[in-house]
Structures are given as structure tokens and as C-alpha cells.
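Counting starts at 1 for both ligands and their atoms, in listed order. Index from 1, following the sequence.
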Amino acid sequence: MNSVPEVEDEIRQIRQDVVECRKCELWKTRKNPVVGNGALDAKIMLIGEAPGYHEDVQGIPFVGKAGKLLDELLQSIDMEREEVYIANILKCRPPNNRNPFDSEIKACTPYLDKQIMAIKPMVIGTLGNFASSYVLEKFGFKAETIGKIHGKIFHIKNLFFESKIIPLYHPAAAVYNPNMKTVLTGDFKTIGSYVSKKT
Ligand code: URA
Ligand code: SF4
């Protein structure tokens with residue numbers, strides 16, 4: 001594990017690079033980039049898709065309705081948002097919350113890759129299809145649709161770190177869908193089971 005000051009430097013550098021980034025068109029329409037937030041020694045990293053309206057205004061991930069549900073889900077496994085690290089595939093909001101373009105994902109994900117390597121979480125929860133496909137494929141897995149692979153555990157072990165990827169439904173999809181929320185809550189329990197809390 002890296003020391004926290006080292007991680008702090010890396011995360012600070014990523015933030016600065018994102019603030020200055022012009023690698024795709026989205027910087028032109030964003031209000032604020034949403035780089036990521038959370039504990040630098042987090043055991044859990046959650047990866048969403050892209051900032052929405054409220055995230056763009058505040059510059060913080062998951063502060064709208066989906067974020068409220070995310071807080072509930074974290075509480076259900078006895079975790080606070082401050083204990084996890086949260087980032088997105090895209091750091092700038094796509095106009096009208098449209099889906100990310102492949103070209104945008106390609107341009108932006110080097111930042112996410114660096115965040116993963118800096119934080120080296122024990123568990124990576126990927127929220128929704130875009131985050132799940134990107135992260136699974138990056139680590140050499142075949143990404144099937146989230147309906148098929150949610151809650152499954154994909155082990156990563158390489159020279160740099162060891163972790164588990166657990167794909168999850170996106171909380172925004174579960175806000176108005178009680179059945180999906182039940183499934184998502186169950187999948188969060190799987191995440192919780194891999195991180196033992198200090199007492
Ligand atoms: N949805 C996401 O995928 N990310 C956010 O930060 C907010 C909503
Ligand atoms: Fe750069 Fe990513 Fe923003 Fe595009 S979305 S401008 S790649 S930070």
C-alpha cells in the first residue's frame with residue numbers, strides 16, 4: 001500500500017490535470033469538473049458514470065437523488081461516504097445527461113486509471129453498465145450486461161495490487177424501482193462482506 005502523503009500528491013496532481021483538461025469537448029459545457037472525493041486510504045472505491053446536474057453545479061460526485069440512495073446503501077453496510085472513494089468514468093457532465101461517447105471514455109479514463117492505482121482499493125464497486133464494462137475490460141474480463149453480472153466477484157491480482165471488482169446496478173436506476181433497489185442492497189452486502197471494519 002502507498003503511504004497517504006504519496007497518495008495525496010498523486011490525487012492532487014490528477015485533480016490539477018482534470019481542472020486543466022481539454023481532451024474532449026465536455027470541458028466547454030461543464031460548470032465544474034467532478035474529479036472524485038473520499039478517503040485516500042479507502043478500502044472501497046465506487047465508480048459511477050458521469051456527473052449529473054447537481055454534481056456539475058457542486059463539483060462533487062453523487063450529490064443528487066442517486067447520491068442519497070448511495071448514502072443509504074453505504075449506511076446499510078455500516079459505512080460512511082467519507083470512508084470510501086467515489087469517482088466517475090467521465091469527469092465532466094455530458095449535456096442533458098446523455099450517455100458518454102466512446103471517444104469521451106477513451107479521453108477521460110486515464111484519470112480514473114490513475115485514481116485506481118493511487119487508492120488501490122480492496123474492492124471496486126462499478127455502478128451501472130458504463131463503469132462496469134470499462135473497468136472489467138480494463139482488467140481483462142469480458143463485460144456482459146449489468147443485469148447478468150451484478151453482484152458477481154471478479155478477482156484482480158497483478159504486480160501492483162490485488163482487488164475485487166463487483167459490478168452493481170446504478171443507483172439512479174434503482175431510485176424509482178423497488179425491486180432493483182432490493183437487488184442493489186443485497187449486492188452492497190457482498191461488498192461489505194469483503195471489508196472488515198476496525199472496531
Ligand atoms: N450518476 C453518476 O454516475 N455519477 C454521479 O456522480 C452522479 C450521478
Ligand atoms: Fe477532460 Fe474528461 Fe473533462 Fe473530457 S470529460 S474534458 S477528457 S476531464
task = List in chain and number order the residues that pass salt bridge (Lys or Arg N to Asp or Glu O under 4.0 Å) with Lys65, two or more places apart in sequence or in another chain; answer none if no residue qualifies.
result =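 Residues passing salt bridge (Lys or Arg N to Asp or Glu O under 4.0 Å) with Lys65: none at all.
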Gln75 and Asp71 side chains, donor-acceptor separation under 3.5 Å =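 Result is no, nothing qualifies.
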Hey, which atoms in ligand 1 end up nearer than 4.0 Å to a heavy atom of [X]?
X	result
Pro61	6 (O)
His170	1 (N), 2 (C), 3 (O)
Gly48	3 (O)

query = Of all the heavy atoms in His54, does at least one lie under 4.0 Å from an atom in ligand 1?
reply =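 No, that is not the case, since the closest heavy atom of the residue is not under 4.0 Å from the ligand.
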task = Work out whether the distance between some heavy atom of Asn88 and some atom of ligand 1 is less than 4.0 Å.
result =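 Yes.
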Point-to-point distance, once rounded to the nearest 0.5 Å, from CG of Leu168 to CD1 of Ile47 =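 Answer for the CG-CD1 pair, Leu168 versus Ile47, is 11.0 Å.
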request  = Under the side-chain hydrogen bond (donor to acceptor under 3.5 Å, both in side chains) rule, collect the residues that match up with Glu55, sequence neighbours excluded.
outcome  =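 Scan of Glu55 (side-chain hydrogen bond (donor to acceptor under 3.5 Å, both in side chains), adjacent residues dropped) gives none.
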With sequence neighbours excluded, residues passing side-chain hydrogen bond (donor to acceptor under 3.5 Å, both in side chains) with Arg12 =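 In terms of side-chain hydrogen bond (donor to acceptor under 3.5 Å, both in side chains), with neighbours along the sequence ignored, Arg12 is linked to Asp9.
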task = Give the ring-plane orientation class for Tyr169 versus His150, where under 30° counts as parallel, over 60° as perpendicular and anything between as tilted.
result =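 If you compare the ring of Tyr169 with that of His150, the planes turn out parallel.
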query = Under a single-linkage definition using a 4.5 Å side-chain heavy-atom cutoff for Ile, Leu, Val, Met, Phe, Trp and Tyr, are Met79 and Val63 assigned to the same hydrophobic cluster?
reply =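 Per the 4.5 Å side-chain linkage, Met79 and Val63 are not co-clustered.
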inquiry  = Let me check something: do Trp27 and Val57 share a hydrophobic cluster, defined by ILVMFWY side-chain heavy atoms less than 4.5 Å apart, either directly or through other members?
reply    =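 The answer is no; the residues belong to distinct hydrophobic clusters.
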query = NZ of Lys114: more than 12 outside heavy atoms within 6.0 angstrom?
reply =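 Atom NZ in Lys114 is not crowded, with 12 or fewer foreign heavy atoms closer than 6.0 Å.
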query = Would you say Phe62 has any N or O atom under 3.5 Å from an N or O of ligand 1, going by distance alone?
reply =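 There is such a contact, yes.
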task = Answer yes or no: is there a donor N or O on one side and an acceptor on the other, between the side chain of Asp56 and the main chain of Arg93, under 3.5 Å?
result =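 Pair absent, no side-chain N/O of Asp56 close to backbone of Arg93.
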ask   = When you look for heavy atoms under 4.0 Å from ligand 1, do you find them on the side chain of Ala50, its backbone, both, or neither?
value =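 The part of Ala50 near ligand 1 is the backbone, not the side chain.
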ask   = For ligand 1, is any non-hydrogen atom under 4.0 Å from Glu49's backbone (N, CA, C, O), its side chain (CB onward), both, or neither?
value =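 Both backbone and side chain of Glu49 come within 4.0 Å of ligand 1.
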request  = Everything protein-side that's N, O or S and under 2.8 Å from atom 1 (Fe) of ligand 2: list it, residue and atom.
outcome  =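 Protein N, O or S atoms closer than 2.8 Å to atom 1 (Fe) of ligand 2: Cys21 SG.
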